[in-house]
There are 2 protein chains.
Amino acid sequence: MNVATLCLGILALGDASGYEIKKRFDGPLKRIQQPSFGSIYPALTELTREGLVSCTVHAQEKRPDKKVYSITPAGRAHLKAALQESLPAPDRIHSDFLATMLFSDMLSPDFVARAVKDRIAFYRDMVDHTQCEHPSDAYSGGRAFVHGYARAVCSAAIAYLEAHAAETRQAAEDLRERRSSDATHATQPGDSAP
Amino acid sequence: MNVATLCLGILALGDASGYEIKKRFDGPLKRIQQPSFGSIYPALTELTREGLVSCTVHAQEKRPDKKVYSITPAGRAHLKAALQESLPAPDRIHSDFLATMLFSDMLSPDFVARAVKDRIAFYRDMVDHTQCEHPSDAYSGGRAFVHGYARAVCSAAIAYLEAHAAETRQAAEDLRERRSSDATHATQPGDSAP
DNA sequence: GTCCGCATGTAAGTAGTTACATGATTCA
DNA sequence: TGAATCATGTAACTACTTACATGCGGAC
């Protein structure tokens, strides 16, 4: 799904400016996509050109005019058709964290421990802040579903990470012990050791 | 993390060809990244040029020579440094499925139900096939961690999806009832209904 | 008899990101 | 004093995906 379709969907949930659309993806919706201003603004311009959204300019002093977009009936029809054209494609994930963990055997245990701790904090933040919605927004079953999904998955991740943080720390201590033991016995550490 | 670093990491876990590297990301490792041949082969060429990997050609009849890559000591050093340069960046996720669910209120309930069912089947497949590892591979704590993580998160997703599939179906039935009720009473369905 | 697996590679195309430009206001 | 929030927009750049080229062997 491209950024234009995504913006169209957000506007189907309620009017918004480009800036506000971006903010929506700071919360649990960041599990969907995290579009940048550089992709949102051109997408909105293009959607307007195609007549799928309309734009109302609210003049503001001392800052650029705020442009609030609304989805048009044509936009709604287009969105429905686009979404139902085929079943959603598989997720595309880029997780540097999991890559780091995959290669963790060759990294400093302290570094790995820090990465895990960081990740737990990140997920905890997500879970704690997910319950609150903008009270101004109309209830959306879809939003409730996605929020609930994010909470469920993040909670599971926290549980797994906490259960295995101990193991990671244990591995770190084992390694330190082995190293000091090597040093005591004055053996040469190296790849070709017996 | 770019594809080159990722390939370097895989080679740190054991020698492999480009084709084999790609296959590794078909299983639970697809939660890290899913690089295509079009990015893997050029990355491998570049890594060789930089001396971070070496390449052994195994001649084969009736198909292109198989090029098996090995990480060099320089490659190992480079990988460690690259990974530990900073804490892993946040995940970047593109989930058309969650986007579809976010906008599900305006979609055909049958379509939504199919999408959910599909997703459950996908995760179930992942969980069921994750336990088996190549027995030829050396044990890797990192790999065990990532496999376990994938299992934990997918299981949580399945549980959430199954718990809410019923709700989705209920919503679908409610909508059908309301529609037939509207038809019976011969009211005009429309946005401006009271 | 057609599709999948094996096996490598290139080139064109796309869809994004990053960085910049501009600038008042408020909070630590 | 410095950073974050609000607010829009453009242009250069990057890094990837898709499609193509090539072709045998085996499974269904």
Side-chain angles (χ1 to χ4, degrees), chain A residues 1-8 10-11 15-27 30 32-49 53 55-69 82 86 89-96 99 134, chain B residues 1-8 10-11 15-27 30 32-49 53 55-69 82 86 89-96 99 134:
Chain A
M1 179 170 324
N2 59 22
V3 175
T5 309
L6 196 63
C7 290
L8 198 55
I10 294 296
L11 294 175
D15 294 355
S17 65
Y19 189 85
E20 286 163 352
I21 288 173
K22 172 132 196 299
K23 272 198 304 178
R24 298 251 173 148
F25 292 98
D26 281 347
K30 83 170 96 196
I32 294 177
Q33 215 175 109
Q34 293 180 80
S36 62
F37 288 126
S39 57
I40 289 172
Y41 286 123
L44 252 14
T45 305
E46 178 61 15
L47 287 169
T48 307
R49 203 190 57 72
V53 304
C55 176
T56 313
V57 178
H58 296 252
Q60 293 186 127
E61 280 169 28
K62 321 264 190 178
R63 75 185 49 171
D65 294 349
K66 185 172 179 171
K67 297 166 90 173
V68 175
Y69 294 88
S86 62
D91 291 358
R92 274 171 305 146
I93 306 176
H94 278 233
S95 179
D96 282 13
H134 302 222
Chain B
M1 180 170 323
N2 60 20
V3 174
T5 309
L6 197 62
C7 289
L8 197 56
I10 294 297
L11 294 175
D15 295 355
S17 65
Y19 190 85
E20 286 163 351
I21 289 173
K22 172 134 197 298
K23 272 198 304 179
R24 298 248 173 151
F25 291 98
D26 281 347
K30 84 170 96 198
I32 295 177
Q33 214 175 110
Q34 293 179 82
S36 62
F37 288 126
S39 56
I40 290 172
Y41 286 123
L44 253 15
T45 305
E46 179 61 16
L47 287 170
T48 307
R49 203 189 58 73
V53 304
C55 176
T56 313
V57 177
H58 296 253
Q60 293 187 128
E61 280 170 26
K62 321 266 189 178
R63 76 184 48 169
D65 294 350
K66 186 172 178 170
K67 299 166 89 172
V68 175
Y69 295 87
S86 62
D91 291 359
R92 274 173 305 146
I93 305 177
H94 277 232
S95 178
D96 282 15
H134 302 223

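In what follows, chains carry the letters A, B, and so on, assigned in the order in which the sequence lines appear, proteins first and then strands, with residues in each chain numbered from 1.
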Checklist entry - Mapping B/Arg63 and B/His94 to their closest nucleotides on DNA chain C, which lands nearer the 5' end? => result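 Result: B/Arg63.
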Checklist entry - Reckon B/Gln60 has a side-chain N or O less than 4.0 Å from the OP1 or OP2 of C/dC6? => result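 Negative; the distance criterion is not met.
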Could you tell me which non-hydrogen atom of [X] sits nearest to which non-hydrogen atom of [Y], and how far apart they are?
X	Y	result
A/Tyr19	A/Tyr41	N-OH, 3.7 Å
A/Lys22	A/Pro35	CE-O, 3.4 Å
B/Thr48	B/Val53	OG1-CG2, 3.4 Å
B/Ala4	B/Leu47	O-CD1, 3.5 Å
A/Met1	A/Gln33	O-NE2, 3.4 Å
A/Ile32	B/Ala99	CG2-CB, 3.7 Å

Gap between atoms [atom1] and [atom2], on [X] and [N] respectively (whole Å):
X	N	atom1	atom2	answer
B/Ile21	C/dA7	CD1	P	13 Å
B/Arg24	C/dA7	CZ	P	14 Å
A/Leu6	C/dT17	CG	P	11 Å

About how many Å separate [atom2] of [Y] and [atom1] of [X], when rounded to the nearest 0.5 Å?
X	Y	atom1	atom2	answer
B/Leu6	B/Ile21	CG	CD1	8.5 Å
B/Ile10	B/Leu44	CD1	CG	11.5 Å
A/Ile40	A/Ser17	CD1	OG	9.5 Å

Checklist entry - Using a heavy-atom distance cut-off of less than 4.0 Å, which residues of residues 32-48 of chain B contact DNA chain C? => result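 Residues of residues 32-48 of chain B that come under 4.0 Å of DNA chain C are, in numerical order, B/Gly38, B/Tyr41.
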Next on the checklist: Quick check on the helix from C/dG1-D/dC28 to C/dA28-D/dT1: what's the angle between its two end axes, five base pairs per end, to the nearest 10°?
Outcome noted: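 For the helix from C/dG1-D/dC28 to C/dA28-D/dT1, the axes at either end differ by 60°.
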Next on the checklist: With heavy atoms of chain A within less than 4.0 Å as the criterion, where does contact along DNA chain D begin and end?
Outcome noted: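 The contact span of chain A on DNA chain D goes from D/dT5 to D/dT10.
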Checklist entry - Is B/Lys23 salt-bridged to B/Glu20, going by a charged N under 4.0 Å from an acidic O? => result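 B/Glu20 and B/Lys23: not salt-bridged.
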Checklist entry - With sugar-phosphate meaning primed atoms plus P, OP1 and OP2, does A/Lys22 contact a base, only sugar-phosphate, or nothing at under 4.0 Å between heavy atoms? => result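 Answer is nothing: A/Lys22 stays at 4.0 Å or more from every strand.
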Next on the checklist: Main chain of B/Val68, side chain of B/Asp15: is a donor-acceptor contact present, judged purely on distance under 3.5 Å?
Outcome noted: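 Absent.
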